[in-house]
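Report on one structure; see the data block that follows.
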Amino acid sequence: MTTPFTHDSGYRHIEVHPLSGAIGAEIHGVDIANGLSTAVFEEVQRAFSDFAVIFFRDQDLTPEQHIDFAQCWGKINVNRFFKPVPSYPLIAEVRKEPEQTSNIGRLWHTDHSYDQIPATGSILYAREIPDSGGDTVFASMYAAYDSLSEGLKQMLSSLRAIHSSRDVFGPQAYQDWRDKSDIGDRLGNAAAASQDANHPVVIRHPLSGRPALYVNPQFTLRFDGWTKEESRPLLDYLYLHGSRPEFTCRFRWRQNSIAMWDNRATWHHALNDYHGERRLMHRITLEGVALEDT
Ligand code: SIN
């Protein structure tokens, strides 16, 4: 059974509409372009902690306002592989052109788990979206962890895992992309994908204090001290388990929508079902903290 949210629903300054039983809420009554009062911002922070991903609609933002909002949360982390938005090095472009077949973020993943100090999360803003398709699905790693057996929880709590950007962003990357030229100018700087990170498999979330499963299909290579072959069956089990529909919510984008997710408690997956149309998102990522075990 999925563990329901453990949140206090007493929001007084914003409206919070949960998207599913496990993760995600749309926030209404907030005008980001005009700046948030302390009282509103504190409730938005609480919703972020309660729901792990929060969504806003109809936010008409300049890149400067997007940056200002991000800086209310902390320091911006500049992704070393994504092409920046022209003239805005703090904003990464997540783009797919009509003639391109592959999209960015097309597998379940947790951004930046390949960093020893992984990013807190990202604030993704929709500038151009296809007429239909291009939704993003999020999965709760709290719910995934909570619903494991006590035996498996105990075993996982003693493990650490190795994460890497090499297979996804390094010189040997994109092997599973249908056509390397399809990537175009969207990703680069492959030489920077050289280091691995080592994290607990079950983390104590830095904001909520709750345990969360912290491995993901795109960046986790193996358990620390295990070979890749030994790790594969258990990782595959966890990946199947973590993507169970009842742990997820699905966000249908509209132009000027925002999704802000917590990397430490979620996976996400950008659906690639809008061929022939353009999708352009601006992403700002926030610096995080080193992760601790439970
Ligand atoms: C990402 O994985 O950061 C992009 C998600 C999306 O484009 O929906």
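One-based numbering, in listed order, for ligands and for the atoms of each. Since we're looking at a predicted model, the values are computed, not measured.
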Worksheet item: Which heavy atom of the protein is the closest neighbour of atom 7 (O) of ligand 1, given with residue, atom name and distance?
Response: R279 NH1, 2.8 Å
Practice prompt. Report the C-alpha separation of N263 and T110 in whole Å, then their side-chain angles, then the decisive distance to 0.1 Å, and conclude whether the side-chain hydrogen bond (donor to acceptor under 3.5 Å, both in side chains) test is met.
Written response: CA-CA 6 Å; N263 281 322; T110 300; 5.9 Å; no
Fill in: Which of the ligand 1 atoms, numbered from 1, are nearer than 4.0 Å to a heavy atom of H268
1 (C), 2 (O), 3 (O)
Discussion item. Quick check on contacts: which atoms of ligand 1 are under 4.0 angstrom from a heavy atom of H109?
Written reply: 2 (O)
Fill in: ligand 1 to T136 polar contact by distance, N or O atoms, under 3.5 Å
yes
Worksheet entry | T266 side chain to A139 backbone, donor-acceptor under 3.5 Å | no
Fill in: atom 4 (C) of ligand 1: the protein heavy-atom neighbour that sits closest, reported with distance to 0.1 Å
V94 CG1, 4.0 Å
Discussion item. Can you tell me if H269 contacts ligand 1 (heavy atom of the residue under 4.0 Å from the ligand)?
Written reply: no
Worksheet item: Would you say R222's side chain and S231's backbone share a donor-acceptor pair under 3.5 angstrom?
Response: no
Worksheet item: Purely on distance, is any nitrogen or oxygen of R283 under 3.5 Å from one on ligand 1?
Response: yes
Discussion item. List ligand 1 atoms under 4.0 Å from L124, heavy atoms only on the residue side.
Written reply: 5 (C), 6 (C), 7 (O), 8 (O)
Practice prompt. Taking only heavy atoms of A270 into account, list the atoms of ligand 1 that are under 4.0 Å away from them.
Written response: 5 (C), 6 (C), 7 (O), 8 (O)
Practice prompt. Mind checking ring-ring contact (aromatic ring centres under 6.0 Å, His included) for Y145 and listing every partner two or more places apart, or none if nothing turns up?
Written response: none
Discussion item. Less than 4.0 angstrom from a charged side-chain N to a carboxylate O is my criterion; do D115 and R80 meet it?
Written reply: yes
Discussion item. Between the side chains of E277 and R279, is the shortest nitrogen-to-carboxylate-oxygen separation below 4.0 Å, so that they form an ion pair?
Written reply: no
Worksheet item: Which atoms of ligand 1 have any heavy atom of G105 under 4.0 Å away?
Response: 2 (O)
Worksheet item: Are E229 and R232 within salt-bridge range, i.e. N to O under 4.0 Å?
Response: no
Item to complete: Please work out whether any backbone atom (N, CA, C, O) or any side-chain heavy atom from C-beta onward of N103 is under 4.0 Å from ligand 1, and answer side chain, backbone, both or neither.
Response: neither
Worksheet item: Among the clusters formed by ILVMFWY side chains lying less than 4.5 Å apart, do L234 and M141 turn up in the same one?
Response: yes
